[in-house]
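Down below is the structure, laid out as structure tokens.
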There are 2 protein chains.
Amino acid sequence: MSEIYSHGKKHLIAVDCIIFGFDDEGLKLLLFKRKVNPEKGKWSLLGGFINLNESVDEAALRVLSEITGLSKIYLEQLYTYGEVERDAGARVISIAYYALIKSNEYSEKLNKHHNAKWFSIDNVPDLIFDHNIMVNKALARLQRKSKTQPIGFELLPAKFTIPQLQKLYEAIFQKKFDKRNFRKKIISLKTLKKYEEKDKLNSKKGAFLYSFDKVKYKKMLEKGYNFEI
Amino acid sequence: MSEIYSHGKKHLIAVDCIIFGFDDEGLKLLLFKRKVNPEKGKWSLLGGFINLNESVDEAALRVLSEITGLSKIYLEQLYTYGEVERDAGARVISIAYYALIKSNEYSEKLNKHHNAKWFSIDNVPDLIFDHNIMVNKALARLQRKSKTQPIGFELLPAKFTIPQLQKLYEAIFQKKFDKRNFRKKIISLKTLKKYEEKDKLNSKKGAFLYSFDKVKYKKMLEKGYNFEI
DNA sequence: CCAAAAGTGTTGACCGTACACCCATGA
DNA sequence: TCATGGGTGTACGGTCAACACTTTTGG
């Protein structure tokens, strides 16, 4: 090893995951009751240290799948937090990731086992360290990305209705949309496939089911379409 | 220290800086000839290890100001690169930052001393490790941010002309704009202050000088203005 | 039969884009 | 006087935002 490397100081590096979910009640955040000191018993994001033989992305994926049991998760690096005193226990640099989980693929049983709980995005409790800052940044990122890319689909089941999709976007952007304009915009993207089936869970009339056409979406992205609503 | 921290493995953490500059010839990148093995003699980004007693942001700023002699630099964290084998010399996790430098405040003499050289953004050589990937991501970020925030100003002297500003935006977005539309858009933002002086370096007629009004700009950002051209 | 959610079109305002000529001046 | 870059206005088309009524059907 070149001498320059031996002069570098070594650090503890963690990953912390902001886990978003979505259901009838709106956008949710999965939080965990901390099991160790300091700050034992307080709510926190899911975290873990990075091993020597895994990449940072792999570490985030490992931590997530250990807890959720899911392997196909939308996961994206958010930001790295490196203040010296950010963690009261030791100097730890934390690389934050955010994940989007399809709630219908996630088992609620896991929560009791891990002391976890879903919180509504507009009712997030005080979290340890700088975790509230991470959550705010993740929400801002989700909003920004949703304007140009349909990542919101990652939070919905494979088949969904347009009113359901609208509720998702209203939850992400925290504002209401006109349903005629919303439908018009979504349809104009030509990336939805309509089914004959209806979902009657939320209304007597029933709403047609749609799915998302990934091939058409990729073409759309290349052309530089703007998903803004 | 809680037991959990002592189980974490420690890593070498570096910062790497993508340094942008701008002059008559266009958008530039400051690159350095590597002085150590492996890859000695190849071009690379400016980098350094993070000390135990400094935050990650502070480390990036320290590395930058050691080289450029500048202290007021626009600096923003870009992304963290954590593949196990990304650095051929050792397992190093690198936190990339990008910097915008006003070329008139930067002394060209510094370059010889540090084996550094400015490269045109559309003529970047092969760099060590994953540094080309970092550069591409930084340019994409600069483009995206420039659509909603006038960070391009960080690359210009305090007083500049509108044709100069247009050249900067054309360099960032790598495409030409209609000068009437550009001027109209920029003026409509109402964040420029016009001076009576003219700059005659680039034309016989001379172009009026402007400066950027940060107070008006901040108000604009709160209202959510779109800087897109 | 009625409550509740799904579905449907039109219009005006604004913004982005395309486009051509005159002005000032140093050489 | 002329070559060079600086400066100016208008018209079209597309996208966003506002707005109200009909349809379906389970209870």
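Values reported hereafter were calculated over all heavy atoms of this structure, with side chains retained and with hydrogens, waters and symmetry mates removed. Order of the sequence lines fixes the chain letters, A, B, ..., with proteins taken first and strands second; residue numbering starts at 1 for each chain.
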### Summary
Taken to the nearest whole Å, CZ/R183(B) to P/dC15(C) is 20 Å

### Task
For K179(B) and dA20(C), give me the distance from atom NZ to atom P, rounded to whole Å.
13 Å

### Query
dT15(D) P sits how many Å from N181(A) CG, rounded?
14 Å

### Task
Could you tell me whether the side chain of R141(B) and the main chain of L78(B) form a donor-acceptor pair under 3.5 Å?
yes

### Task
Assign D178(B) to base, sugar-phosphate, or nothing according to its heavy-atom contacts below 4.0 angstrom with the strands shown.
base

### Message
Whether K117(B) engages the ring of F119(B) as a cation-pi pair (distance to the six-membered ring centre under 6.0 angstrom, angle to the ring normal within 45°) should be assessed.
### Response
yes

## Note on the structure
Per nearest nucleotide of DNA chain C, the residue lying toward the 5' end, S203(A) or G206(B), is S203(A)

### Query
Using a cut-off of less than 4.0 Å, is there contact between a side-chain N or O of K204(A) and OP1 or OP2 of dG27(D)?
no

### Task
Choose from dT10(D), dT8(C), dA17(D) the nucleotide whose nearest atom is closest to any side-chain atom of K184(B).
dT10(D)

### Query
Does a nitrogen or oxygen in the side chain of K185(B) sit under 4.0 Å from OP1 or OP2 of dG16(C)?
yes

### From dG26(D), dT8(C), dA20(C), nucleotide with atom closest to K200(A) side chain
dG26(D)

#### Entry: Length of the line joining I187(B):CD1 and dG6(D):C1', which is rounded to integer Å
13 Å

### Message
side chain to side chain donor-acceptor pair (under 3.5 Å), that's the test. Do T161(B) and D199(B) meet it? Break it down for me.
### Response
CA-CA 7 Å; T161(B) 68; D199(B) 177 316; 5.8 Å; no

### Query
CG of L201(A) versus C1' of dA5(C): gap in Å, rounded?
13 Å

### Message
Between the side chains of R62(A) and E66(A), is the shortest nitrogen-to-carboxylate-oxygen separation below 4.0 Å, so that they form an ion pair?
### Response
yes

